[in-house]
Enquirer: 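Shown below is the structure under consideration.
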Amino acid sequence: MNPNFLDFEQPIAELEAKIEELRHASNGQAFNIDEEVRRLREKLKVKTAEIFRNLNSWQTTQLSRHPARPYTLDYISVMCEEFHELAGDRAYADDGAIVGGLGRIGGRPVMIIGHQKARDTKGKIKRNFGMPRPEGYRKALRLMKMAERFGLPLLTFIDTMGAYPGIGAEERGQSEAIARNLLEMADLKTPIVCTVIGEGGSGGALAIGVGDRTLMLQYSTYSVITPEGCASILWKSGEKTKDAAEALGMTAPRLLELGLIDKVVREPLGGAHRNPQSMAVRLKAVLLNQLDELAAMPLADLLERRYQRLRGYGAYQE
Amino acid sequence: MNWLQKIMSPRARTQNTSAGKGKVPEGVWEKCGGCGTVLYRPELERNLMVCPKCGHHHYIGARARLLSLFDEGSTQELWASLEPTDPLKFRDSKKYRDRIVAAQKSTGEKDALLAMGGKLKGRPLMAVAFEFAYMGGSMGSVVGEKFTRAAEKALADRSALVCFSATGGARMQEALFSLMQMAKTSAALARLRDAGVPYISVLTNPTTGGVSASLAMLGDINIGEPKALIGFAGPRVIEQTVRETLPEGFQRSEFLLEHGAIDMIVDRREMRDKLADLFGLLTKAPRAA
């Protein structure tokens with residue numbers, strides 16, 4: 001089993017391996033295998049489409065955490081003509097789980113903030129598995145206020161399992177750091193577009209997720225709790241994770257249907273990790289579009305609309 | 001039921017009860033969770049559920065809390081008819097619908113937040129309080145909507161706002177709807193801040209999760225009740241993550257005061273006077289008698 005593929009992706013892995021093998025074997029050979037490779041490629045496409053047509057919520061959750069899924073800095077490197085990372089909260093530390101900085105996208109100066117995960121062990125430790133501590137949220141806040149001061153639109157990329165539940169994080173005010181960002185973002189005098197690119201994990205995600213638009217990549221998730229956490233609390237069983245994922249309605253199409261997000265950004269066949277380049281290019285086009293729309297709005301209207309949008313969340317009767 | 005039993009899982013609680021440990025007849029007598037003294041319940045209630053012997057703060061319901069705060073006869077309950085719906089048809093080991101019905105029956109409240117307008121020492125005040133007995137005081141759409149209306153009314157009337165939180169956090173059965181209440185309530189508080197309308201948050205036992213990480217930590221002044229558990233992540237989650245025993249007093253009001261997260265700790269019996277004084281100063285009004 002190929003560890004870079006999820007269990008339900010294994011048929012894709014096998015076909016890819018076969019194609020690779022054939023190409024390798026044909027190197028320098030006279031006989032023609034093009035026809036066979038083309039046939040296998042077609043089969044691969046059909047198979048991938050078939051697998052991805054009927055994903056359940058748990059499989060989508062796995063995809064949102066896929067080890068090869070592009071992270072914030074991967075998107076920045078494709079989308080931005082220039083990017084200058086800015087570090088630190090000016091009070092305690094620089095948190096590697098959140099990155100941010102000044103960038104230029106489609107010629108347009110912007111502030112970008114996002115959760116950052118890593119693929120290798122050393123990087124994972126540096127990034128704390130993408131789980132921010134208060135200093136991460138406070139760095140984000142510092143950059144948001146800078147964006148406001150200089151009239152730069154804010155783009156955020158959400159990809160975290162959640163805020164880090166640790167002793168130091170509690171001592172330094174994890175709750176306050178998250179709460180403060182929610183309040184400031186509700187009121188930030190510049191356009192904000194938030195995109196869930198992987199995992200949207202609860203308050204730790206929302207702390208950089210309040211704005212004028214919420215987009216989700218097709219196979220990303222957004223939830224108040226992980227399916228694992230939900231299963232262990234409500235079902236008291238780790239085996240009910242799939243049921244929890246389904247019940248939480250955490251996939252992009254479902255959340256669009258519920259009116260909780262504004263747009264689903266389609267991913268390449270087989271997911272963003274199969275073609276990070278084309279994913280980033282597509283997302284860039286969508287973001288530029290969103291920024292154009294928001295830039296056309298007078299600031300007072302923008303803020304009023306943002307408030308009414310946040311105000312409107314909820315389902316109740318009276 | 002003391003605070004420890006309150007925050008234990010229902011299963012653990014049942015096991016404890018079936019063992020019959022320290023059981024006293026329900027209703028009339030209450031064993032103090034602080035010093036173990038058996039207290040006469042009507043007397044305890046007159047004392048706002050604070051043990052007269054050791055000062056231990058027992059759980060107090062939202063309604064009793066609010067009524068004890070306002071000038072007598074000045075209160076009006078607001079938006080009492082707001083009720084939860086079940087947008088996701090959520091079902092875990094039980095249906096959310098059934099949980100709502102059970103919680104409404106056992107608490108007599110429609111959802112986990114009560115809102116009242118009234119007078120505090122003659123001055124207008126808007127107040128909300130979480131009912132922890134209703135699904136752990138969890139915040140779903142009704143809680144978020146009612147809190148937001150209270151903040152908007154405080155803004156319109158230029159009256160001060162106080163919130164007493166007692167909650168485990170977001171209501172999982174409302175999934176992302178419940179998460180978004182954090183953004184919604186914080187947005188309402190941003191407007192209050194911009195208008196200079198004072199908001200005091202009183203964090204009582206327990207205040208954790210999504211409520212702690214939104215409206216409860218956003219007071220112009222944050223007050224803790226003595227020994228209240230206050231934090232983002234619950235102690236069990238932290239213990240499982242860091243795999244070490246948590247220090248004594250971790251996430252209690254006294255710990256938060258020491259670490260700069262709250263302004264002060266106030267005894268419940270002195271809360272009314274303290275709030276009247278603080279609001280008086282913030283609104284530049286003469287000191288109320």
Enquirer: Measuring heavy-atom distances to chain A, does Phe177(B) have an atom under 4.5 Å in its side chain, in its backbone, in both, or in neither?
Expert: both
Enquirer: Below 4.5 Å from any heavy atom of chain B, which atoms of Leu234(A) appear? Answer side chain, backbone, both or neither.
Expert: both
Enquirer: Does a side-chain N-to-carboxylate-O contact under 4.0 Å join Arg191(B) and Glu304(A)?
Expert: yes
Enquirer: Who wins among Ser186(B), Ser141(B), Ala213(B) for the most heavy-atom pairs under 4.5 Å with chain A?
Expert: Ala213(B)
Enquirer: For a quick test of reading the model, state the closest non-hydrogen atom pair linking Pro87(B) to Arg254(A) and the distance between them.
Expert: O-NH2, 4.4 Å
Enquirer: Which distance, rounded to the nearest 0.5 Å, do you find between the CE of Met172(B) and the CD1 of Ile225(A)?
Expert: 5.0 Å
Enquirer: In terms of heavy-atom pairs under 4.5 Å, which option from Val210(A), Ile233(A), Asp243(A) contacts chain B the most?
Expert: Ile233(A)
Enquirer: Sort Pro247(B) into side chain, backbone, both or neither according to what part of it lies under 4.5 angstrom from a heavy atom of chain A.
Expert: side chain
Enquirer: Could you check which of His259(B), Lys110(B), Gln251(B), Met182(B) has the highest count of heavy-atom pairs closer than 4.5 Å to chain A?
Expert: His259(B)
Enquirer: With chain A as the partner, which of Arg149(B), Glu244(B), Glu174(B), Gln240(B) has the greatest number of non-hydrogen pairs under 4.5 Å?
Expert: Arg149(B)
Enquirer: Please classify the contact between Ala183(B) and chain A as side chain, backbone, both or neither, with a heavy-atom cut-off of under 4.5 Å.
Expert: both
Enquirer: Counting only non-hydrogen atoms closer than 4.5 Å, does Gln181(B) touch chain A with its backbone (N, CA, C, O), its side chain (CB onward), both, or neither?
Expert: side chain
Enquirer: Show the nearest heavy-atom pair for residues Val224(A) and Leu176(B), with the distance to one decimal.
Expert: N-CD1, 4.3 Å
Enquirer: Tell me which of these, Arg306(A), Arg180(A), Gln317(A), has more heavy-atom pairs under 4.5 Å with chain B than the rest.
Expert: Gln317(A)
Enquirer: Can you tell me which of Ala170(B), Ala188(B), Ser178(B), Gly144(B) forms the most heavy-atom pairs within a distance under 4.5 Å of chain A?
Expert: Ala188(B)
Enquirer: For Lys242(A), I'd like to know if atom NZ has over 12 heavy atoms of other residues, nucleotides or ligands within 6.0 Å.
Expert: no
Enquirer: Rounded to the nearest 0.5 Å, how far does OG1 of Thr148(B) lie from OH of Tyr313(A)?
Expert: 13.0 Å
Enquirer: Which pair of non-hydrogen atoms, one from Glu171(A) and one from Phe255(B), has the smallest distance, and what is that distance?
Expert: CG-CZ, 3.3 Å
Enquirer: How long is the span from the CG atom in Leu182(A) to the CG atom in Leu189(B), to the nearest 0.5 Å?
Expert: 10.5 Å
Enquirer: Taking Leu255(A), Ile261(A), Ile167(A) one by one, which has the highest count of heavy-atom pairs under 4.5 Å against chain B?
Expert: Ile167(A)
Enquirer: Which distance, rounded to the nearest 0.5 Å, do you find between the OG1 of Thr85(B) and the CD of Glu318(A)?
Expert: 12.0 Å
Enquirer: Taking all heavy atoms of Arg91(B) and all of Ala247(A), pick out the closest pair and write down the distance.
Expert: O-CB, 4.3 Å
Enquirer: Check for a donor-acceptor pair, side chain of Gln174(A) on one end and backbone N or O of Gly231(B) on the other, with a separation under 3.5 Å.
Expert: no
Enquirer: Flag the one option from Glu184(A), Met250(A), Lys240(A) with the top tally of heavy-atom pairs under 4.5 Å to chain B.
Expert: Glu184(A)
Enquirer: Can you see which heavy atom on Phe90(B) is nearest to which on Cys230(A), and at what distance?
Expert: CZ-SG, 4.3 Å
Enquirer: If you count every heavy atom of other residues, nucleotides or ligands that lies below 6.0 Å from Lys189(A) atom NZ, does the total exceed 12?
Expert: yes
Enquirer: Heavy-atom pairs under 4.5 Å with chain B: which of Met185(A), Glu176(A), Arg311(A) has the most?
Expert: Arg311(A)
Enquirer: Mind ranking Ala80(B), Ala216(B), Ala190(B), Gly209(B) by heavy-atom pairs under 4.5 Å with chain A and telling me who comes out on top?
Expert: Ala190(B)
Enquirer: Give, for atom OH of Tyr222(A) and atom CG of Leu179(B), the distance between the pair rounded to the nearest 0.5 Å.
Expert: 5.5 Å
Enquirer: Checking heavy atoms, do the side chain of Ala163(A), its backbone, both or neither come under 4.5 Å from chain B?
Expert: both
Enquirer: Can you tell which part of Asp194(B) gets under 4.5 Å to a heavy atom of chain A, answering side chain, backbone, both or neither?
Expert: side chain
Enquirer: For Lys184(B) versus Tyr316(A), what's the shortest heavy-atom pair and its separation?
Expert: NZ-CE2, 4.4 Å
Enquirer: Counting heavy atoms not belonging to Gln308(A), are there more than 12 under 6.0 Å from its CD?
Expert: yes
Enquirer: Select one option (side chain, backbone, both, neither) describing which atoms of Leu248(A) are under 4.5 Å from chain B's heavy atoms.
Expert: both
Enquirer: Which one of Ser202(A), Ala186(A), Gly314(A), Pro165(A) has the most heavy-atom pairs closer than 4.5 Å to chain B?
Expert: Pro165(A)
